[in-house]
Structure formats: C-alpha cells, structure tokens
Amino acid sequence: AGGIIGLLEVCESDFSKLLAETEADEEEGEKVYETQSKANKLTKAEKETALKYSSKAVARTEKALAELADDTDAEQSELDATLEYLTKVNK
C-alpha cells in the first residue's frame with residue numbers, strides 16, 4: 001500500500017510542478033503580450049501623427065503649386081500682351 005501512495009505523491013508533486021511552470025509561463029506570456037501591445041499602440045499613434053502632418057504638408061504643397069501655376073499663367077498673359085504690343089509698335 002505504501003508503494004501506491006508513494007507513487008500518487010510523486011504524481012501529485014509532478015503535476016504541482018508542471019502546474020506552477022505552466023502558470024509562470026502564462027504570466028510571462030501575458031507580460032510580453034501587454035508590453036508588445038503597448039509598443040504597438042505607441043507605434044500606431046506615432047504613424048498616425050506622422051501621416052496627419054504629411055497629409056497637411058502635401059495639401060500645402062499642392063496649394064502652393066496651384067498658386068504658382070496661376071502666377072505663371074498671369075505672367076505669360078502679360079508677356080504675350082507685351083509682345084503683341086511691341087509687334088504693333090515696331091510695324
């Protein structure tokens with residue numbers, strides 16, 4: 001009868017050890033997960049902020065380009081009128 005009880009005590013000890021190791025592994029995994037989740041949230045926020053500012057920069061650049069195109073058109077119109085005038089004067 002002592003052999004069976006001894007065997008059961010060894011099994012209980014092994015299961016207790018395995019349970020403790022499993023719980024420790026789960027806790028470690030949870031800590032790693034939480035750390036990675038926080039890092040991912042921070043990275044996401046940084047990228048969203050960078051995208052926001054990049055989008056604003058693109059909009060400003062496009063606006064400046066449109067204004068320069070308008071200025072170029074106006075200057076070209078003035079140049080064409082001046083050349084036409086000079087052509088008439090020189091005739």
Side-chain angles (χ1 to χ4, degrees):
I4 293 178
I5 292 178
L7 179 62
L8 290 174
E9 288 174 348
V10 169
C11 288
E12 179 186 17
S13 174
D14 289 348
F15 285 130
S16 295
K17 181 181 176 186
L18 182 60
L19 178 62
E21 289 174 358
T22 302
E23 288 174 347
D25 289 345
E26 286 178 359
E27 286 178 15
E28 180 63 27
E30 185 177 345
K31 287 178 185 176
V32 169
Y33 172 79
E34 292 297 325
T35 301
Q36 188 62 47
S37 292
K38 288 178 183 177
N40 289 346
K41 286 179 184 178
L42 181 61
T43 300
K44 181 182 176 189
E46 289 172 350
K47 289 182 180 184
E48 287 174 344
T49 301
L51 177 62
K52 179 177 136 183
Y53 288 114
S54 293
S55 297
K56 287 182 179 181
V58 168
R60 283 192 306 268
T61 302
E62 287 175 345
K63 181 180 177 187
L65 179 61
E67 289 172 357
L68 289 172
D70 290 344
D71 290 348
T72 301
D73 290 344
E75 292 293 326
Q76 187 63 48
S77 294
E78 286 183 34
L79 178 61
D80 291 344
T82 303
L83 290 174
E84 183 180 332
Y85 174 76
L86 287 174
T87 302
K88 287 180 183 178
V89 169
N90 288 333
K91 282 187 178 183

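All values derive from a computational prediction rather than experimental measurement.
- Distance CG/Asn40 to OH/Tyr33: 9.0 Å, rounded to 0.5 Å.
- How far CD of Gln76 is from CG of Leu83: 8.5 Å, rounded to the nearest 0.5 Å.
- Each salt bridge (Lys or Arg N to Asp or Glu O under 4.0 Å) pair with one or both residues in residues 70-91, not counting sequence neighbours, appears once here: Glu84-Lys88.
- Counting heavy atoms from C-beta outward, Lys52 and Glu48 have side chains that stay 4.5 Å or more apart.
- Atom OG of Ser37 and atom CG of Leu42 lie 12.5 Å apart (nearest 0.5 Å).
- Every residue two or more places apart in sequence or in another chain was checked for a salt bridge (Lys or Arg N to Asp or Glu O under 4.0 Å) with Lys41, and none qualifies.
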| request: Could you check Glu62 against Val58 for side-chain contact (heavy atoms from CB on, under 4.5 Å), going step by step and ending with a plain yes or no? | output: CA-CA 6 Å; Glu62 287 175 345; Val58 168; 3.7 Å; yes
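- Distance check, rounded to the nearest 0.5 Å: CD of Glu12 to OG of Ser16 gives 5.0 Å.
- With rounding to the nearest 0.5 Å, the separation of CD in Glu67 from OG1 in Thr72 is 11.5 Å.
- Listed by first and then second residue, the salt bridge (Lys or Arg N to Asp or Glu O under 4.0 Å) pairs involving residues 13-29 amount to none (not counting sequence neighbours).
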